A.B. asks: 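This is the structure I want to talk about, given as structure tokens.
Reminder, nothing fancy here: chain letters follow the sequence lines and each chain counts from 1. Every value quoted in this text rests on a predicted model; they were computed, and no experiment measured them.
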Number of protein chains: 2
Amino acid sequence: MESADLRNAGLKVTLPRLKILEMLETSQERHLSAEDIYRRLIDLNEDVGLATVYRVLTQFEAAGLVQRHNFEGGHAVFELDRGPHHDHMVRLDTGEVIEFVSEEIEALQNKIAEKHGFLVEEHSLVLYVRPKPTKA
Amino acid sequence: MESADLRNAGLKVTLPRLKILEMLETSQERHLSAEDIYRRLIDLNEDVGLATVYRVLTQFEAAGLVQRHNFEGGHAVFELDRGPHHDHMVRLDTGEVIEFVSEEIEALQNKIAEKHGFLVEEHSLVLYVRPKPTKA
DNA sequence: ATAAGTGCAAAGCATTTGCAACCAA
DNA sequence: TTGGTTGCAAATGCTTTGCACTTAT
């Protein structure tokens, strides 16, 4: 029951918010743009405004419910913040987003920052990849 | 003599292009936005248009003369593509950009991509950092 | 000469904001 | 009731484009 998540975040439980949360939870693709979400809701005859989608996503981000990513290509994408941290690979041929985890990279990042006298507050790591050609 | 770089890139040697290249080469900060460059040239009484700065930077990027980075905060920044690859740390308190190199992270990225059947075409790694608090 | 390059103003796109109507608490 | 929420339209901010003029070759 996702109403609890909203209440926890100090947000009133409203139709648009529930629908957007549900969309993020049930969608096949885990990474959706505001426009993606808006279009899908419209297609489902849910009467929301694009501005509301943006506002709600921003609130969700502030509440820690979703993460915002700025991959190449102009628009931001959002994903539900389920559990453990991970980074992303973006297929240059299809646009598909693949998640991965690397403790080693994580550790190295912290080591490097510390060497410079800093602490990593957050980071963004995106690999833009192409399928490995099959041996001829 | 930077005219050669321009000619090499198949670009006519024009005043705006020379000025922009020079700006990137001589500026203290190595990471400048289009607006930054535009403002500085205007202050130097160089009569360029902002649109030209954008066009030139895009051409420079295509020619491999500069790299474009999309750090958080709306606008892109550009830096001269001098030699070896490096990644970036952005200070959250001052906005300062610090460069660093990590062969290990580089290697791990490739290893991970390969494990998934991909090759890394390019990547973006940005650490958002704060000064490490001094021991009390 | 002539194709590329320029400045300006207008257009474009993703995202944000003002505001009157609306609704959860 | 009443302060948070919404949808719409208008505004924003960065970047791109159309076009007539200029310039490098």
A.B. asks: Are A:Y54 and C:dT16 close enough that a side-chain N or O sits under 4.0 Å from OP1 or OP2?
C.D. replies: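 Answer no for this pair, as no side-chain N or O of A:Y54 is under 4.0 Å from OP1 or OP2.
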
A.B. asks: What is the distance, to the nearest angstrom, from the CG atom on B:L6 to the C1' atom on D:dT23?
C.D. replies: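 B:L6 atom CG is separated from D:dT23 atom C1' by 15 Å.
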
A.B. asks: Please tell me which of the listed nucleotides, C:dT15, D:dT6, D:dT15, lies nearest to the side chain of A:H75?
C.D. replies: C:dT15

A.B. asks: Would you please confirm or rule out a distance under 4.0 Å between OP1 or OP2 of C:dA4 and any side-chain N or O of B:T14?
C.D. replies: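 Answer is no, no contact under 4.0 Å.
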
A.B. asks: Would you kindly check whether a donor in the side chain of A:R55 faces an acceptor in the base of D:dG7, or vice versa, at under 3.5 angstrom?
C.D. replies: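 Flag set: donor-acceptor pair detected.
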
A.B. asks: Taking CG from A:N70 and P from C:dT15, how many angstroms apart are they, rounded to a whole number?
C.D. replies: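 Computing the A:N70:CG to C:dT15:P distance gives 8 Å.
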
A.B. asks: Could you check B:V13 against B:A76 and say which one's nearest nucleotide on DNA chain D is further toward the 5' end?
C.D. replies: B:A76

A.B. asks: Examine the base of D:dG4 for any acceptor or donor lying under 3.5 Å from a partner atom in the side chain of A:R7, and report the outcome as yes or no.
C.D. replies: no

A.B. asks: Could you tell me whether a side-chain N or O of B:D43 sits under 3.5 Å from a main-chain N or O of B:R40, the two making a donor and an acceptor?
C.D. replies: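 Between the backbone of B:R40 and the side chain of B:D43 there is no qualifying donor-acceptor contact (under 3.5 Å).
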
A.B. asks: Find the distance B:Y38:OH to D:dT16:P and express it as a whole number of Å.
C.D. replies: 16 Å

A.B. asks: Give the nucleotide from the list D:dT15, C:dT15, C:dA4 with an atom nearest to the side chain of B:K12.
C.D. replies: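 Within the option list, the nearest is C:dA4.
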
A.B. asks: To the nearest Å, give me how far apart CG (A:L18) and P (D:dG4) are.
C.D. replies: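 In whole Å, D:dG4 P and A:L18 CG are 19 Å from each other.
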
A.B. asks: What integer distance in Å separates A:E61:CD from C:dT15:C1'?
C.D. replies: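 It is 13 Å, rounded to the nearest whole Å.
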
A.B. asks: Taking atom P of D:dA24 as reference, at what distance in whole Å does atom CD of B:Q59 sit?
C.D. replies: 15 Å

A.B. asks: Using a 6.0 Å cut-off, check whether atom NZ of B:K111 has over 12 heavy atoms from anything other than its own residue.
C.D. replies: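 12 or below, so no.
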
A.B. asks: Compute whether any side-chain donor of one residue and acceptor of the other, for B:H31 and B:D36, lie under 3.5 angstrom apart.
C.D. replies: no

A.B. asks: Strictly by modelled atom types, are A:H86 and A:E79 linked by a side-chain donor-acceptor pair under 3.5 Å?
C.D. replies: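 Checked: A:H86/A:E79 side chains pair up, N/O donor to acceptor below 3.5 Å.
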
A.B. asks: How is A:L11 classified with respect to the nucleic acid when contacts are heavy atoms under 4.0 Å: base, sugar-phosphate, or nothing?
C.D. replies: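 Result for A:L11 = sugar-phosphate.
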
A.B. asks: Same cluster or not: are B:F118 and A:F100 linked, directly or through other Ile, Leu, Val, Met, Phe, Trp or Tyr residues, by side-chain heavy atoms under 4.5 angstrom apart?
C.D. replies: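 Yes, same cluster.
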
A.B. asks: Quick one: on DNA chain D, does A:A51 or B:F78 contact a more 5' nucleotide (nearest heavy atom)?
C.D. replies: A:A51

A.B. asks: Measure the distance from CG on B:L50 to P on C:dT6 and round it to the nearest whole Å.
C.D. replies: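 Checked: the CG to P distance equals 14 Å.
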
A.B. asks: When you get a sec, tell me which of D:dC14, C:dT6, D:dT25 is the closest nucleotide to the side chain of B:R17?
C.D. replies: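 Per side-chain heavy atoms of B:R17, the pick is C:dT6.
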
A.B. asks: Scan B:A34 against the nucleic acid and name what it touches under 4.0 Å (heavy atoms): base, sugar-phosphate only, or nothing.
C.D. replies: nothing

A.B. asks: Rounded to whole angstroms, how far apart are CD1 on B:I20 and C1' on C:dT6?
C.D. replies: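 B:I20 atom CD1 is separated from C:dT6 atom C1' by 11 Å.
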
